[in-house]
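Chain identifiers are assigned alphabetically (A, B, ...) following the order of the sequence lines, protein sequences preceding nucleic acid strands; residue numbering begins at 1 within each chain.
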Amino acid sequence: MKMQPKAEMAGVGSKQTGLILKPGALQQVLAFASLIVLILVFTFASSNFFQFSNIVGILLSTAVTGVLALGSTYVIITGGIDLSVGTVMTLSAVMTGVFITYWGLPVPIGIVGGILTGAICGLLSGVMVAKLKIPPFIATLAMMMIAKGLALVISGTKPIYFNDDPVFSEVSQGSLFDKIIPGFAIPNAVVIFFIAAIIGSVILSKTIVGRYNFALGSNEEATRLSGVNVNYWKIVIYTITGIFTGLAGILIASRLNSAQPALGSGYELEAIAAVVIGGTSLSGGKGTIVGTVIGALIMSVLTNGLRILSVPQEWQTVVVGIVILLAVYADILRRRKA
Amino acid sequence: MSLVTAGWSGVGMDDVLIQMEDIDKQFPGVQALKDCRFELRRGEVHALVGENGAGKSTLMKVLTGVYQKDTGRILYDGIEVEVPNAKAAQKLGISIIHQELNLAPDLTVAQNIFIGREPRRGLRLFLDEQELKRKVERLFERLNMDLDPNESVANLTVAKQQMVEIAKALSYDAKVLIMDEPTAALSDSEIDDLFIIINQLRSSGVGIVYISHRMDELKRITNRITVMRDGRYIDTVPTADVTNEQIIAMMVGREIYDSTKQNRIEGTSETVLEVKGLSRKGALRDINFKLRKGEIIGFAGLIGAGRTEVARAIFGADPIDAGEITVRGRKVVLRQPFDAVQAGIGYLSEDRKRYGCIVEMDVKTNVAVASLRQYANPFGWVNRARIAKAADQIVDMLKVKTPHIDQEVKFLSGGNQQKVVIGKWLTRDCDILIFDEPTRGIDVGAKSEIYKLLNDLAAKGKSIIMISSELPEILRMSHRIIVMCEGRITGELDREEATQEKIMRYATLRA
């Protein structure tokens, strides 16, 4: 028998509101503190860790999963999940390759086309979830396989290289920063990630979409009964996730200077992990973009640091798994106290 | 408006806000409403009563645009209107506060009130938080409400949440406010606060439709009462002209079980449950009581007094910091509900649909679900025939109204769902039963059946702890009454000496 304290209990129990921070803020502080602790630990453990080139490496490796995680945050706050972001990212990369390499379209148009591919996939997932009432897990699982298959079919299972137009690889690998401050070569991908995070954060906290995003995740029926077109906003939210996914596709294609059709599966889980470590609740209604950024950074700092300490790759994965468990359990403990 | 209807209502046209006439509504296989009418005047509180399934909610859903009527007409201020959807109803100034509170817990008070109508700026894409704040402050000032607009709704008590719902409804400039069982989750003092607000609204000319099962409230707050039964209009009467018994008679159209006589309990009856010094930090302090065989103890108190916490502690659902629980002379440690069930304790939550039964499954499965091992061989193979036999017995004994034991529980009425849950614990051989608000959301007819059932169970030697917020129910059912306040037991009364006043005094005996 599953039981839960009902509202009546709150009357007695909830008098410990001595917290200065709201629960959401506390969450972020905790995640941020863990990130700092990790960085300190690795800095002391190895002199190779806190080097400019290594930090840039960490940031660069965060960019792709980070942008995916940004997008996933929205869907997860609705209480849904998007399993398709990994392979949709690949499909977007492949489509960009088709546009630029096969069709010879200009790079900017190819980029827009890639992002649009992601947006359309997100839109379709949104329609499946909102209109057809297919559970998000199943709808996006289907989308994941469809995108995976399409990426292979369209590319003929072979990588598409962007050798004709060297500009494209600059999108990720180049550094506008280097031109402004010589020697301070932060790759564009990192800058794009942070800009995307800022825009993402504004969407979530300042716009009407963001408000409905939380409302939906918190109590969908109440939102519907308040005269909000719930289906419409759900589709919008899945589409936004798709746009971020498309952007991630551009970043990864540019970084590899090719669209690798076999890549992509598994990225969605890393994205979800980053979101969860960042304190967004899988049951919906709670979450922040800042948290997701920190979550993504924790993942790559961990992987990078462990690699520098020569921990074998297999064990790195085990550690990341444990970190996810700890993050979620800490969240449960906090909520039980509140 | 025709002369005939004006004559029927007996008041001037100006006073009538809503007039519903000859409303029919058919669902596949069910005539939900037949020739229904309803009239609401400006500045009146009009009770709409009837058993569950009488059509109250359906009629109000027609009025608020959730359902479309098949025939009939709705007049608003004397003009015929169509209400094709919820938004149209809002535009007309018709707001409804649903029985289940409809708020987003993770959003703030202000965000909840203006959900769907957020003040926007910058291409209508961005939220205007300043304007939102101003609007809410103005609203609270107008309603004389003391709520923090920036507090998360999750942190509010049920009563405060209800205030938010009311504020939300009134922020639509509601001329008509429909309240569906607004007091179901409120304590008596909170009900008083609610009634103050209702009175304010009434004097400002708002018409209020008040749906409730609680007779005493109708007397206190309503001007007129409309009774419905089986989807039909029965009558509309001024509240002052009828007695509770007359209303109930109109509602059920049959005689109601009255339990003034009750089986006595022997003073020498054995103690089956003894609780000593039970404490849980922040919730319970030094709880002591004994429950005897065949006894019904009523736990009274305001919401938040800790009654449910006692029940959960005895059921092993919450950890305890101190205290001793003895069942039939044997000391037990209850770490989880499983331990309690092993000791023969069954708990019936007030929220049957969530914690009581598995609504998607059929009656026989629900009856057997707590005791499947009894019906399984050592390999875990479940013997369906024996389950069916047990379920048939339960249905027979408790008079569960179900076409067959394969019926999914979600199609049963609240009262019958409650019986299925009782059946579940009886099958498990539980002889200490804890009922948490056993009649919440159950209509009058089914209520008296539940009362009768509780008395029968007690007469058969089951011991019952009944938590209830309805004083008449406590007074009528209990052999002994324990009153709690702020996590402590503040009073214990025998049924002979207990009165509503005494209980209320103990219930407000704060430390």
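- Put simply, OH on A/Tyr212 and CD on B/Glu118 are 3.5 Å apart, with the number rounded to the nearest 0.5 Å.
- Considering only heavy-atom pairs separated by less than 4.5 Å from chain A, the leading option among B/Asn112, B/Leu127, B/Asn85, B/Val66 is B/Leu127.
- Looking at B/Phe338, neither its backbone nor its side chain comes within 4.5 Å of chain A, counting heavy atoms on both sides.
- Between B/Ala104 and A/Ala215, the shortest heavy-atom contact is CB-O, 4.2 Å.
- Contacts with chain B were tallied for A/Asn219, A/Leu216, A/Val228; A/Asn219 has the most, counting heavy-atom pairs under 4.5 Å.
- Comparing B/Ile96, B/Leu125, B/Asp106, B/Val153 by how many heavy-atom pairs each has under 4.5 Å with chain A, the most go to B/Asp106.
- Looking at every heavy atom in both residues, B/Arg124 comes nearest to A/Ile208 through O-CG2, 4.3 Å.
- The residue from B/Gln90, B/Lys168, B/Arg117 that alone fulfils the side-chain contact (heavy atoms from CB on, under 4.5 Å) condition with A/Ser226 is B/Lys168.
- Legend: residues meeting side chain to side chain donor-acceptor pair (under 3.5 Å) with A/Asn231, ordered by chain and number and at least two apart, are A/Lys133.
- Heavy atoms from other residues, nucleotides or ligands lying under 6.0 Å from CZ of B/Arg121 number more than 12.
- Heavy atoms of B/Leu103 lying under 4.5 Å from chain A belong exclusively to its backbone.
- Across A/Gly210, A/Ala222, A/Gly217, the residue that shares the most heavy-atom pairs under 4.5 angstrom with chain B is A/Ala222.
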Item to check | side chain to side chain contact (heavy atoms under 4.5 Å, CB included) between B/Leu132 and A/Arg211, worked out | outcome: CA-CA 13 Å; B/Leu132 178 67; A/Arg211 177 64 44 84; 4.1 Å; yes

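- When each of B/Val369, B/Leu107, B/Val341 is scored by its heavy-atom pairs under 4.5 Å with chain A, the top score falls to B/Leu107.
- Only the side chain of B/Glu129 comes within contact range of chain A, with at least one heavy atom under 4.5 Å from a heavy atom of that chain.
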